[in-house]
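Structure, as structure tokens:
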Amino acid sequence: MEHVVLSHLARHLNSNSILLDSQHGFREKLSTVTQLITSCHDWARTLQQRGQVDVILLDFSKAFDKVPHLRLSAKLEFYGIRGSTLTWINSFLNNRSQAVSVNGTHSPWGK
């Protein structure tokens with residue numbers, strides 16, 4: 001089911017030019033590696049032209065875990081994601097819990 005939703009969302013975002021060309025994450029044929037290659041190429045070109053390059057690196061690990069779900073839902077709706085698709089995404093995000101099971105031993109449930 002997730003793959004179906006992802007493919008429809010990607011088609012919608014691409015056909016409506018919602019994402020910037022510089023957005024590499026979660027896009028077909030693009031990744032953090034292609035983003036890094038593009039950035040290094042841009043930096044090298046600027047340095048070859050005797051320009052200045054200032055770079056700030058930020059660690060967004062676990063960033064998705066910190067996204068306010070109501071704000072995400074509002075943005076999705078603003079960009080045309082509505083109806084049953086938005087309802088499905090909201091139900092996926094809200095009240096989730098998880099546990100780990102290894103060789104028949106289970107961890108406590110957590111959020």
Side-chain angles (χ1 to χ4, degrees):
M1 180 67 167
E2 291 89 357
H3 180 68
V4 172
V5 172
L6 175 62
S7 63
H8 285 281
L9 284 175
R11 191 174 317 121
H12 173 78
L13 295 172
N14 288 330
S15 66
N16 290 289
S17 300
I18 292 171
L19 299 177
L20 301 173
D21 289 340
S22 59
Q23 168 68 42
H24 284 241
F26 304 102
R27 294 182 74 182
E28 188 175 357
K29 298 181 182 175
L30 296 173
S31 67
T32 54
V33 172
T34 60
Q35 179 67 64
L36 183 59
I37 291 168
T38 300
S39 296
C40 288
H41 178 266
D42 292 346
W43 300 336
R45 185 178 59 231
T46 300
L47 291 172
Q48 282 180 334
Q49 297 170 350
R50 305 260 189 244
Q52 179 177 330
V53 175
D54 297 320
V55 179
I56 297 173
L57 302 174
L58 303 170
D59 180 6
F60 287 111
S61 62
K62 302 247 181 201
F64 184 76
D65 295 340
K66 297 179 183 352
V67 171
H69 294 164
L70 288 176
R71 188 178 305 161
L72 174 61
S73 181
K75 284 205 173 215
L76 289 171
E77 188 171 10
F78 176 80
Y79 287 114
I81 310 301
R82 298 184 180 92
S84 58
T85 302
L86 185 59
T87 300
W88 184 85
I89 291 170
N90 286 334
S91 70
F92 183 83
L93 293 173
N94 295 317
N95 300 317
R96 304 292 290 182
S97 57
Q98 63 185 11
V100 176
S101 178
V102 178
N103 295 330
T105 302
H106 309 284
S107 72
W109 285 94
K111 288 195 171 203

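Atoms considered below: every heavy atom in the structure, side chains included; atoms not considered: hydrogens, waters and symmetry mates.
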Margin query: Applying side chain to side chain contact (heavy atoms under 4.5 Å, CB included), can you list everything that pairs with V55, at least two apart in sequence or on another chain?
Written below: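 Here the qualifying residues are W43, V53, L57.
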
Next item on the list: Kindly work out whether a path of hydrophobic side-chain contacts (I/L/V/M/F/W/Y, heavy atoms less than 4.5 Å apart) joins L6 to W88.
Entry: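 Each belongs to a different hydrophobic cluster.
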
Next item on the list: Inspect the surroundings of CG in N94 and state if more than 12 heavy atoms from other residues, nucleotides or ligands are less than 6.0 Å away.
Entry: yes

Check: Just wondering, are more than 12 heavy atoms of other shown residues or ligands nearer than 6.0 Å to CG in L70?
Finding: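 Result for CG/L70: open.
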
Notebook entry, point to check: What are the two closest non-hydrogen atoms of Q35 and S22, and how far apart are they?
Noted result: OE1-O, 2.7 Å

Next item on the list: Indicate the atoms forming the closest heavy-atom contact of T34 with H24, along with that distance.
Entry: OG1-ND1, 2.6 Å

Mind listing the side-chain donor-acceptor pairs of residues 71-81 below 3.5 Å, one per line with the distance, residues two or more places apart or on another chain?
{"residue": "S73", "atom": "OG", "partner": "N90", "partner atom": "OD1", "Å": "3.1"}
{"residue": "S73", "atom": "OG", "partner": "N90", "partner atom": "ND2", "Å": "3.2"}

Checklist line | V67 vs L93 side-chain heavy atoms within contact, under 4.5 Å | finding: no

May I have the list of side-chain donor-acceptor pairs in residues 13-20 shorter than 3.5 Å, sequence neighbours left out?
{"residue": "N14", "atom": "OD1", "partner": "R27", "partner atom": "NH2", "Å": "3.3"}
{"residue": "N14", "atom": "ND2", "partner": "A10", "partner atom": "O", "Å": "3.1"}
{"residue": "S15", "atom": "OG", "partner": "R11", "partner atom": "O", "Å": "2.9"}
{"residue": "S15", "atom": "OG", "partner": "H12", "partner atom": "O", "Å": "3.3"}
{"residue": "N16", "atom": "ND2", "partner": "H12", "partner atom": "O", "Å": "2.8"}
{"residue": "N16", "atom": "ND2", "partner": "H12", "partner atom": "ND1", "Å": "3.2"}

Next item on the list: Under the side chain to side chain donor-acceptor pair (under 3.5 Å) rule, collect the residues that match up with S31, sequence neighbours excluded.
Entry: none

Notebook entry, point to check: Which ILVMFWY residues are connected to V100, directly or by a chain of links, through side-chain heavy atoms under 4.5 Å apart?
Noted result: V102

Check: With clusters built from Ile, Leu, Val, Met, Phe, Trp and Tyr whose side-chain heavy atoms come within less than 4.5 Å, directly or transitively, what are the remaining members of the cluster of L36, listed by chain and number?
Finding: none

